[in-house]
Amino acid sequence: MPELPEVEGFARYFAQHALRQPIVRVRVRDERILGVRKDVFSRALRGHAFERVQRHGKHLFADAGLTWLHLHFGMTGDLSYYTSSVNRHASSDDGSRMTDDEPRFARVIFDFANGNHLAFEDMRLFGVVDLTSSPDAYIAEHELGPDPLEITLAQFRAIVAKRRGAIKAFLMSQDVIAGIGNLYADETLFQTGLHPRHPVDRLSDAEVRAVYNAMRRILREVIRVRAKDGDWPARYLTMHREEGERCPKCGGTIQRTVVMSRTTYFCGNHQRL
DNA sequence: AGTACCACCTGACGGC
DNA sequence: TGCCGTCAGGTGGTAC
């Protein structure tokens, strides 16, 4: 699920737990998650400490002095900070795991000098863990667009003016704006009342402003509720992603279709072309 | 430039 | 119980 709001949550979690602790060991449980060679990765980080984190779109960066750690969470990425407990091998479950508390899908684990650990988990291995010289370098190299929470309405209008095609594709293109995925693209359009296939070059000024406002309001609201472990509000499309469901906004029927080869939900009544 | 399709992975779920 | 197809919130490459 990790889109911008979730990654913002990971950034705060990382900052809260894993800063300024010397990294005494780096354990790579599955090399397929790495974008660099394992020995290069470990050597670059061992003995250093993460000093600060930065998020851009769905990407998380942690300053490790000479280099930056870069994390992308794919579809199933997550972070877990935990304390090892030595003598709980005989407890409750089948006891087959080697380390207590180590998450089942931990792919990379940082061991800190204080005895605690930060694990990057990713069941499906679509995420990436690697190194970069700086967030800006990574952003330039991968041609990421601006973060939607960092741009003004005027900048957003300028970006819109350069594009054509379906509004949903526009919102999801990371080189246009970085951070919105399938879920929040649908949510933004649902709350704005626009059909996902509405061409961006046929949006009125008022509609462009409505998209900008909804997108930012949603991202910020979700950051806030998820920070408290809450659910999405019931008025969100996100809580009704199923064909035939009742639209919480107008009572219409939720439709399912495919846009940009992604499953798309929208209200057949208040989101018309 | 925009879109469609495949590939990369693993697990959950429904149907038979 | 088990096998099989389908689906899942992402991205990158290729091909129209």
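- Across all strands shown, dG9(C) remains unpaired; no Watson-Crick or G-U wobble contact has both distances below 3.5 Å.
- The phosphate of dT3(B) (OP1 or OP2) has no side-chain N or O of R164(A) nearer than 4.0 angstrom.
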Please step through salt bridge (Lys or Arg N to Asp or Glu O under 4.0 Å) for the pair R262(A) and D186(A), ending with a clear verdict. CA-CA 10 Å; R262(A) 305 300 304 279; D186(A) 281 1; over 6 Å; no
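- Close placement of the Y138(A) and H59(A) rings is indicated, their centers lying within 6.0 Å of each other.
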With the sugar-phosphate defined as primed atoms, P, OP1 and OP2, and the base as all remaining atoms, what B/S/- string results for nucleotides 7-16 of chain C, 5' to 3', for protein heavy atoms under 4.0 Å? -BBBBS----
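- What separates CZ of F170(A) from P of dT3(B) is a distance of 12 Å, to the nearest Å.
- As the counterpart of dC16(B), dG2(C) is assigned, both hydrogen-bonding distances of the Watson-Crick or G-U wobble pattern falling under 3.5 Å.
- Put simply, the residue from F10(A), F14(A), Y13(A), F126(A) that forms a ring-ring contact (aromatic ring centres under 6.0 Å, His included) with F73(A) is F10(A).
- A ring-centre distance under 6.0 Å is found for F190(A) and H270(A).
- Proximity of the aromatic rings of F110(A) and F50(A) is defined here by a centroid distance below 6.0 angstrom, and this criterion is met.
- Note on F73(A): nothing from the nucleic acid sits closer than 4.0 angstrom, heavy atoms only.
- Taking atom P in both dC5(B) and dC7(C), the straight-line distance is 14 Å, to the nearest Å.
- Following rounding to the nearest Å, E242(A) (CD) and dC13(B) (P) show an atom-to-atom distance of 14 Å.
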Working for salt bridge (Lys or Arg N to Asp or Glu O under 4.0 Å), residues D63(A) and R52(A): CA-CA 5 Å; D63(A) 185 356; R52(A) 60 194 160 126; 3.0 Å; yes
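- In this structure, CG of D201(A) is placed 12 Å from C1' of dA1(B), rounded to the nearest angstrom.
- dT3(B) atom C1' lies 18 Å from atom NE2 of H198(A), rounded to whole Å.
- Straight-line distance from the CG atom of D30(A) to the C1' atom of dT10(B): 11 Å, rounded to whole Å.
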